[in-house]
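For reference, the structure is listed below as structure tokens.
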Amino acid sequence: MNYYNKNIECAPRSEIEALQSYRLINTVRRVYENVAPYRKKMDETSVRPEDIKSIADLSKLPFTTKQDLRDNYPYGMFAVPSSEVVRIHASSGTTGKQTVVGYTAKDVDIWAECAARALVGVGATKDDFVHVSYGYGLFTGGLGMHYGAEKLGATAIPASAGNSVRQLEMFRDFGSTVICMTPSYAISLIEMMQEKGFKKSDFKLRAGMFGAEPWTEEMRKQIEEGLGLKAYDLYGLSEIMGPSVSCECLCQCGMHICEDHFIPEVIDPDTLEVLPAGQQGELVFTCVTKEALPLIRYRTRDIATLVYDKCECGRTLVRMLKPQGRTDDMLIIRGVNVFPSQIESALLSVDQKATNYLLVVDRVNNLDTLEIQLELRPDMFSDGVGAIEGYTKKVKAAIDSAIGVGINVKLIEPKTLARSSGKAVRVQDNRAIKNKFEKK
Amino acid sequence: MLIDQISVFVENKPGRLAGIMEVLRQSGVDLRAITVADTADFGILRIIVNDTDKAIEALKNDGCTAAVTKVIAFRIPDVMGALYNVIEKITAADINIEYMYSVMGKMEGRADIIIRVQDSEKAMAILKENGVMLISGDELCK
């Protein structure tokens, strides 16, 4: 069994906790001094930096949410001057505003180490060709895994996403051995292989790191069979770092969190109380080494479970089980974060009266689909097909450009959507039902 | 002649067309002509009935989205090239035909045709000039 940083990855729990406590104390002092919104939050809850003496005091600190990042858009939560920031990433957000995150040179280096640990965890060495098909750009996926591959000394292939046939040719010609991409993209590559006559024996693939969207065990089997590799779960979010906050090891039994950098907690999303280990709840992270954006108790909205049992791989770092859903209404469609409010505002920008709609998310042949069902109104209806099709095209174009994912617009007859007396049901996620079914 | 045609929005799902037909049956109106324009996602049912007001009321009461459109009905002999002769005249006058359908019925030696154009008055004038027989809704299929 290989490790990138055995001293940390296999450290006794007491040592991990001592390191976490030391780093937490320093981080809290630093954010109190340098980040005005945190100073305000802590003053409001009467927590002084000196009250934090160890990780046992973590629960005294206020939470951070995506809304805090929005309220302080773009750089208001940064703890260092811009002269120290060497990189910006951003993720999609509601109402057009992105969530902006920054990194110092040291942050980039730590992130690269986390990604290198993840790569070694799935068996990669410097002899590997790490083919990164996450998007390169503001999205953290591409550059995050790229820097990890270089840190490890492997050969990074910055393929980015898209152009499926070229991806397969590169697998074959460049000798890619480890791939990083969304699971749904892996599935679509498998379909492309069949269409274009590629065989898995054409490739030397042996491991794949899949993340950025929910996927099932059934998809894992399909990807492993279709591409001839072992498929591992990779987790991350830009607010905390990016991909490799946690990753599965060869045992494929939960993702080891780089908890020397990110302290995890699981809370009850309603009472906000910290839950005991092993109980499912909302995952919360505190960054204790980040310089540019050290978020304190950041609520991920992902529902997960922490497992502290010893892993057969020898790592002592806590494992998180695959997230089982979200506590907010964010949807992840083919790896892209989509908020229903983004879709609504795009829809209303085309048609102010279009208030009766339903978003239907499904998974067809293991690919996420997104459909908006819109009730037709008599004033939209004319005898011609063209006018109605023109309307649906306009709606589609507005939503596609707002969320960056293709949506299918379906007109339905008036008054066919269920009316509720309270909050209207706007989202029907059929994937959740399927996930439940597939697990059994 | 310019006659009333009812257009009904039909969601693309099984049984929807049958549901609309049931509404019309119960309202007691008589269908003179029927055609469906369909896209991948929805359809528009176009019908001509003996009592437009009654049909519209029944459809709207049932929650259907329906609208009345004026279309032109004319009669041609059932001989080779007869429809071409008429269409050619309309086209020559630079009138665009949005859609067209023929009406089925127990008719020997002739066919009844429905067309929808932007400029109905002009199209009808051209048809009359060329001796094409315009017909009323009541005369359809009779």
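Residue numbering restarts at 1 for every chain, and letters A, B, ... go by the order of the sequence lines.
More than 12 heavy atoms of other residues, nucleotides or ligands lie within 6.0 Å of CD in Glu191(A), so this atom counts as buried by the packing criterion.
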Check every N and O of chain A against chain B and note each donor-acceptor pair under 3.5 Å, with its distance.
residue: Asp383(A); atom: O; partner: Arg46(B); partner atom: NH2; Å: 2.8
residue: Asp383(A); atom: OD1; partner: Gln5(B); partner atom: NE2; Å: 3.4
residue: Asp383(A); atom: OD1; partner: Ser7(B); partner atom: OG; Å: 2.6
residue: Asp383(A); atom: OD1; partner: Arg46(B); partner atom: NE; Å: 3.0
residue: Asp383(A); atom: OD1; partner: Tyr99(B); partner atom: OH; Å: 3.0
residue: Asp383(A); atom: OD2; partner: Tyr99(B); partner atom: OH; Å: 2.3
residue: Glu413(A); atom: N; partner: Glu11(B); partner atom: OE1; Å: 2.9
residue: Glu413(A); atom: OE1; partner: Arg16(B); partner atom: NE; Å: 2.8
residue: Glu413(A); atom: OE1; partner: Arg16(B); partner atom: NH2; Å: 2.7
residue: Glu413(A); atom: OE2; partner: Glu11(B); partner atom: N; Å: 3.0
residue: Glu413(A); atom: OE2; partner: Arg16(B); partner atom: NE; Å: 2.6

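Nearest heavy-atom pair across Phe9(B) and Ile412(A) is CE2-C, 3.8 Å.
Looking at Val8(B), the atoms closer than 4.5 Å to chain A (heavy atoms on both sides) all sit in the backbone: N, CA, C or O.
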